[in-house]
K.L.:
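My structure is below; once you've seen it, I'll send some questions.
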Amino acid sequence: MRKDVRRYADAAAVVRALEPSYPIFCLRPDVIHDVARRFLEGFPGTVLYALKCNPHPLILRCLYEAGVRHFDTASLPEIAQIAETYEDATCYFMHPVKGRSVIKTARRVYGIRHYVVDHPDELEKILQETALADGDPGELVIVVRIITPPAEGTALHLSSKFGANPIEAAAILQQAQARGCATGIAFHVGSQCCYPEAFTTALKIVGEVVEMAGVKLSCLDVGGGFPVSYANVEAPPLEDFFETIRQGVAALNLGPDVEILCEPGRALVAEGCSLLTQVHLRKESQLYINDGIYGSLSELGMIGIEPPARLIRFDGEVSETQESFTINGPTCDSIDVLPCQFSLPDDVREGDWIEIDRMGAYSSSAASHFNGFYAETFIQVGDAPPELEVTFEPPETVIEETL
Ligand SMILES: Cc1ncc(COP(=O)(O)O)c(C=O)c1O
């Protein structure tokens, strides 16, 4: 990390210094570095970061400095961002549906080799557009995305929109091989998947497809989905997933030449960022804060995660009694209300700050600018993970510790 970038001790120090009335992302580079090292050292294969999860340049720099060099990209702007920033990084085009000119530019300008498909027409499109670009389909790796069943304990099922069934997948693999491409299989068990067994189930389907297709695979991509602990869910350790995947892959007997890939988003970056918001009005048990469902908290409205939250106040004592509060976002829309409540000191008042933890994933990248409200400030904090807590720390203690 560049040494000249200002770094605060923690979110309370940010409040003390800036008294911000706008939302701020507090980025913890050390947390991101540590989780990236766990992936790079523990996953039995190559780790791709799913850029969609959070493409902020500071996040990317943390991951790059930890050793991440491979990226799951889904659009030309994502590919360009990585390619124009990191010369030695490799992008994989993991979106199953792409525009023709996008494919052509991805191949001709950025030299992308790996393309995901889930339909024969998409394979044809890729072959046509890449042949126009360089006439060398032999360089291509066509990765067929397969459907996996909805897994228990998974917050967001991702096979409802994309994926080929085993018979379709086998046929696409055969066509790709017949046209001179290397082949691979990909799946995604669903985001925030808390059961490692979901990977075992998916890998068994891979085995069926490989047997049916009779092709030689060059890669197998087990996707993302690795979970994070939130206030309402305790996720198993990443290492349980790595071991389950290792065993599931070994049972397939694919041989040593098949490269195993994963493409985590959430698990790499969620814990490395909190969101500092301010209370702009209190009406009894309702708080109106400066970020919400249309902004950085959009995922909370969709997948039932409840992030830990704590109050920060630096000009007075805070009650030790907790109360549940409804959290309203800043826009004029009446659906801009969090589906979960926050447990906070019962004397929360206008001007207090709320630090919402585990907000690195699908927060700023999924936010809109609706009504003119959006968080665009990232500040670096800390050298240790924030505690997973919902209780308030006395302000004097917080401030004394941090200055
Ligand atoms: C194709 C693909 N790969 C990887 C990811 C990252 O998933 P996660 O953040 O659950 O690890 C996603 C998320 O939508 C995805 O669609």
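We count ligands from 1, going down the list as the structure has it; atoms in each ligand are counted the same way.
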K.L.:
Please list, chain by chain and in numerical order, all residues satisfying ring pair (Phe, Tyr, Trp, His ring centres under 6.0 Å) with Tyr22, sequence neighbours excluded.
P.N.:
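Expected list: none.
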
K.L.:
In ligand 1, which numbered atoms sit nearer than 4.0 Å to a non-hydrogen atom of Gly225?
P.N.:
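Contacts of ligand 1 toward Gly225, numbered from 1: 7 (O), 8 (P), 10 (O), 11 (O).
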
K.L.:
Hey, which atoms in ligand 1 end up nearer than 4.0 Å to a heavy atom of Ala50?
P.N.:
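Per the distance check, 4 (C), 5 (C), 6 (C).
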
K.L.:
For Phe242 and Phe39, I'd like to know if the aromatic rings sit close, meaning centre-to-centre distance below 6.0 Å.
P.N.:
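Yes, ring centres under 6.0 Å apart.
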
K.L.:
I'd like to know if Arg61 pairs up with Glu65 as an ion pair, taking the criterion as any Lys NZ or Arg NE/NH1/NH2 lying under 4.0 Å from an Asp or Glu carboxylate oxygen.
P.N.:
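So Arg61 pairs with Glu65 through a salt bridge.
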
K.L.:
Which ligand 1 atoms, with their elements, are less than 4.0 angstrom from a heavy-atom of Asp72?
P.N.:
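Every atom of ligand 1 under 4.0 Å from some heavy atom of Asp72: 2 (C), 3 (N), 4 (C).
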
K.L.:
With Arg145 as the cation and Phe187 as the aromatic partner, state whether NZ or CZ is under 6.0 Å from the six-membered ring centre and within 45° of the axis.
P.N.:
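Arg145 over Phe187 ring: no.
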
K.L.:
Can you list the ligand 1 atoms lying under 4.0 Å from a non-hydrogen atom of Pro264?
P.N.:
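Near Pro264, meaning under 4.0 Å from one of its heavy atoms, ligand 1 has 11 (O).
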
K.L.:
Just go through Tyr362, Phe226, Tyr49 and tell me whose heavy atom is the nearest to atom 6 (C) of ligand 1.
P.N.:
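Looking at heavy atoms only, the winner is Tyr362.
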
K.L.:
Can you sort out the partners of Asp336 under salt bridge (charged side-chain N to carboxylate O under 4.0 Å, His left out), two or more places apart, ordered by chain and number?
P.N.:
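With sequence neighbours excluded, Asp336 shows a salt bridge (charged side-chain N to carboxylate O under 4.0 Å, His left out) to no residue whatsoever.
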
K.L.:
Which of the numbered atoms in ligand 1 are under 4.0 angstrom from any heavy atom belonging to Arg266?
P.N.:
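Listed by number with element, the hits are 8 (P), 9 (O), 11 (O).
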
K.L.:
Which option wins on minimum heavy-atom distance to atom 12 (C) of ligand 1: His188, Lys161, Gln192?
P.N.:
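Among His188, Lys161, Gln192, the closest heavy atom to atom 12 (C) of ligand 1 comes from His188.
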
K.L.:
Ligand 1 versus Ser191, non-hydrogen atoms closer than 4.0 Å: side chain, backbone, both, neither?
P.N.:
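The answer is both.
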
K.L.:
Measure from NZ or CZ of Lys98 to the centre of the six-membered ring of Tyr115, then state whether that distance is under 6.0 Å and the direction lies within 45° of the axis.
P.N.:
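No, Lys98 does not lie over the aromatic ring of Tyr115.
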
K.L.:
What are the atoms of ligand 1, with element, lying closer than 4.0 Å to any heavy atom of Arg145?
P.N.:
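Taking each heavy atom of Arg145 in turn, ligand 1 has 1 (C) under 4.0 Å.
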
K.L.:
Quick check on contacts: which atoms of ligand 1 are under 4.0 angstrom from a heavy atom of Gly224?
P.N.:
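Those qualifying, in numeric order: 11 (O).
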
